[in-house]
2 protein chains.
Amino acid sequence: MRHPPGMRAPPPATAERILDVAERLVQTQGYNGFSYADISAALRITKASLHYHFPTKAKLGLSLVLRYHDAFRSALEAIQKSVPDPRQKLRAYVQLYADVLRKDRLCLCGMLAAEQATLPKPMKAALNAFFDANERWLAGVLEEGRRSGTLHLEGPVVEEAQLLVAALEGAMLVARSYGDSKRFAAVAERVLAGILPPAPRLPKRVRQA
Amino acid sequence: MRHPPGMRAPPPATAERILDVAERLVQTQGYNGFSYADISAALRITKASLHYHFPTKAKLGLSLVLRYHDAFRSALEAIQKSVPDPRQKLRAYVQLYADVLRKDRLCLCGMLAAEQATLPKPMKAALNAFFDANERWLAGVLEEGRRSGTLHLEGPVVEEAQLLVAALEGAMLVARSYGDSKRFAAVAERVLAGILPPAPRLPKRVRQA
DNA sequence: GTCTATAACGAGATAGAC
DNA sequence: GTCTATCTCGTTATAGAC
């Protein structure tokens with residue numbers, strides 16, 4: 001909390017509201033698919049005012065990536081702190097993606113990675129920092145699971161982590177194209193199945209009671 | 001071959017050359033990241049001439065997806081005809097993606113799937129047809145491998161197929177962001193490893209001679 | 001089929017009043 | 001901080017000559 005204790009949180013400052021709208025627009029339409037006019041219409045603020053807060057689209061774009069990375073980092077720290085079991089940590093990680101897709105959005109950085117070639121350099125660098133952090137966090141969880149024997153890993157944890165990120169990013173992309181979030185869930189389950197310990201061969205019968 | 005036998009192939013017609021350039025531009029910069037001016041500069045033909053061949057950007061975009069799907073279909077048929085082993089079919093499939101990435105491009109339909117919300121309706125429909133065809137083909141290969149015992153499948157083939165497509169699309173996205181094609185290769189190997197029969201536990205020693 | 005010329009619009013961005 | 005007004009440029013697209 002950045003506001004004094006005992007007081008209600010202040011309404012989000014204009015800059016934050018601009019970022020909120022811009023984030024949604026990038027995640028749904030892409031960096032090259034939205035304009036200041038779109039934000040202006042959504043917030044009912046003139047384009048000139050937007051430029052007061054973010055002088056150029058490049059700076060707005062960079063702010064978006066940095067803020068998104070920050071929020072993700074916080075979410076990962078929260079998981080790390082509150083979820084002890086590595087298997088559950090992975091499920092919580094998958095859920096972060098599912099929450100984004102539920103809003104019919106892509107991962108901000110996945111979307112921007114597609115448009116990579118057209119982005120200002122600082123944004124490109126920030127993108128890769130995001131993916132690096134994700135893979136490091138995942139690799140840590142996987143290593144922990146291997147040591148404790150709760151996860152079943154064939155190869156190096158870094159490659160498992162890369163597969164996870166790739167599969168989840170790709171699954172969001174395709175699932176959203178179909179407007180079918182079950183597609184995402186199916187892929188996520190399947191990729192986790194390759195890491196979670198071999199299933200205990202459930203009998204056909206329902207395991208009721 | 002659509003030209004008479006015994007003759008050299010004619011130089012590509014203008015429309016095809018336009019599609020070639022536009023395809024590259026979409027795969028690298030996205031549908032919203034290129035303009036008729038870019039094609040005009042690359043081919044040294046005026047924008048007005050481009051409009052003679054493709055009156056609107058929407059029609060150009062649709063032609064791109066249909067042609068890409070056609071080419072992919074041909075490639076899949078060629079694999080089906082010339083490669084007997086399902087395991088090798090999967091490797092050939094992965095290689096199709098690798099060939100695209102080597103040119104620093106994304107799958108055309110993967111890129112467009114990201115921009116989905118901003119695309120004309122006919123393009124969206126054509127996109128999903130592409131993913132459907134891919135998954136059907138893969139599911140067929142996987143089913144074949146399961147029957148012949150050359151592949152090792154845990155769940156339904158459709159879900160395996162969806163994981164494959166998602167992982168490959170996502171791996172291209174991330175690998176290209178890093179400019180590191182080895183990242184793609186690593187993910188591809190790892191996802192295949194979950195399908196190919198369990199490795200024969202190679203000894204540490206090099207299996208030389 | 002390709003060109004010149006131009007229309008019509010939307011983009012990112014700035015100046016300066018309030 | 002937000003506004004009106006404006007600038008400049010790039011965008012898709014068309015008319016009509018060659």
Side-chain angles (χ1 to χ4, degrees), chain A residues 2-3 9-65 111-112 115-124, chain B residues 3 10-65 111-112 115-124:
Chain A
R2 273 180 292 283
H3 58 280
T14 305
E16 286 299 313
R17 297 198 302 138
I18 293 171
L19 289 171
D20 289 340
V21 172
E23 182 174 280
R24 171 174 58 80
L25 288 169
V26 171
Q27 289 182 280
T28 52
Q29 313 194 167
Y31 183 77
N32 296 317
F34 87 100
S35 74
Y36 272 44
D38 297 324
I39 307 177
S40 170
L43 292 182
R44 322 231 289 186
I45 271 186
T46 60
K47 288 192 290 168
S49 296
L50 300 178
H51 279 284
Y52 168 80
H53 295 281
F54 300 96
T56 67
K57 197 183 181 184
K59 289 184 184 175
L60 170 59
L62 181 57
S63 299
L64 281 176
V65 180
M111 174 65 89
L112 292 174
E115 300 178 288
Q116 182 241 57
T118 68
L119 300 181
K121 280 231 182 70
M123 285 184 72
K124 277 171 67 170
Chain B
H3 57 279
T14 304
E16 287 299 312
R17 297 198 301 138
I18 293 171
L19 289 172
D20 289 340
V21 172
E23 183 175 279
R24 171 175 57 80
L25 288 168
V26 172
Q27 289 181 280
T28 52
Q29 313 193 172
Y31 183 77
N32 295 318
F34 88 100
S35 75
Y36 272 45
D38 297 322
I39 307 177
S40 171
L43 293 181
R44 322 231 288 183
I45 272 184
T46 60
K47 290 188 287 169
S49 296
L50 300 179
H51 280 284
Y52 168 80
H53 295 282
F54 300 96
T56 68
K57 198 182 181 185
K59 287 185 185 176
L60 170 59
L62 181 58
S63 299
L64 281 176
V65 179
M111 174 65 90
L112 293 174
E115 300 179 287
Q116 182 241 59
T118 68
L119 300 181
K121 279 231 182 73
M123 285 185 72
K124 278 171 65 170

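Only this structure's heavy atoms are used, side chains among them; waters, hydrogens and symmetry mates stay out. Every chain is numbered from 1 and lettered A, B, ... according to where its sequence line falls, protein lines coming before strand lines.
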Evaluate the side-chain proximity of [Y] to [X]: yes if any heavy-atom separation is below 4.5 Å, no if none is.
X	Y	value
A/Lys57	A/Tyr36	yes
A/Leu60	A/Leu50	no
A/Phe34	A/Ile39	yes

Between [X] and [N], does any side-chain N or O lie under 4.0 Å from OP1 or OP2?
X	N	result
A/Tyr52	D/dT2	no
A/Thr14	D/dT2	yes
B/Thr46	C/dT2	no
A/His51	D/dG1	no
A/Ser49	D/dC3	yes

Inset, instruction - Could you check whether B/Ser35 gets within reach of a base, just the sugar-phosphate, or nothing at all, counting any heavy atom under 4.0 Å? - result: sugar-phosphate

Inset, instruction - Scan B/Phe54 against the nucleic acid and name what it touches under 4.0 Å (heavy atoms): base, sugar-phosphate only, or nothing. - result: nothing

Legend entry - Closest nucleotide among D/dT2, D/dT14, C/dA13 to the A/Lys47 side chain: C/dA13

Legend entry - Of the listed nucleotides D/dG1, D/dT11, D/dT4, the one nearest the side chain of A/Ala48: D/dT4

Legend entry - Atom of B/Leu62, atom of B/Met123 and distance for their closest heavy-atom approach: N-CG, 3.7 Å

Taking [atom1] from [X] and [atom2] from [N], how many angstroms apart are they, rounded to a whole number?
X	N	atom1	atom2	answer
A/Lys57	C/dT14	NZ	C1'	18 Å
B/His53	D/dA13	NE2	P	16 Å
B/Leu25	D/dT11	CG	C1'	15 Å
A/Lys59	C/dG12	NZ	P	16 Å
B/Tyr36	C/dA8	OH	P	20 Å
A/Tyr31	C/dA11	OH	P	14 Å
B/Arg44	C/dC3	CZ	C1'	15 Å
B/Leu60	D/dT11	CG	P	15 Å

Inset, instruction - Using modelled atom types only, decide if a donor and an acceptor are shared between the side chain of B/Thr28 and the backbone of B/Arg24 within a distance under 3.5 Å. - result: yes

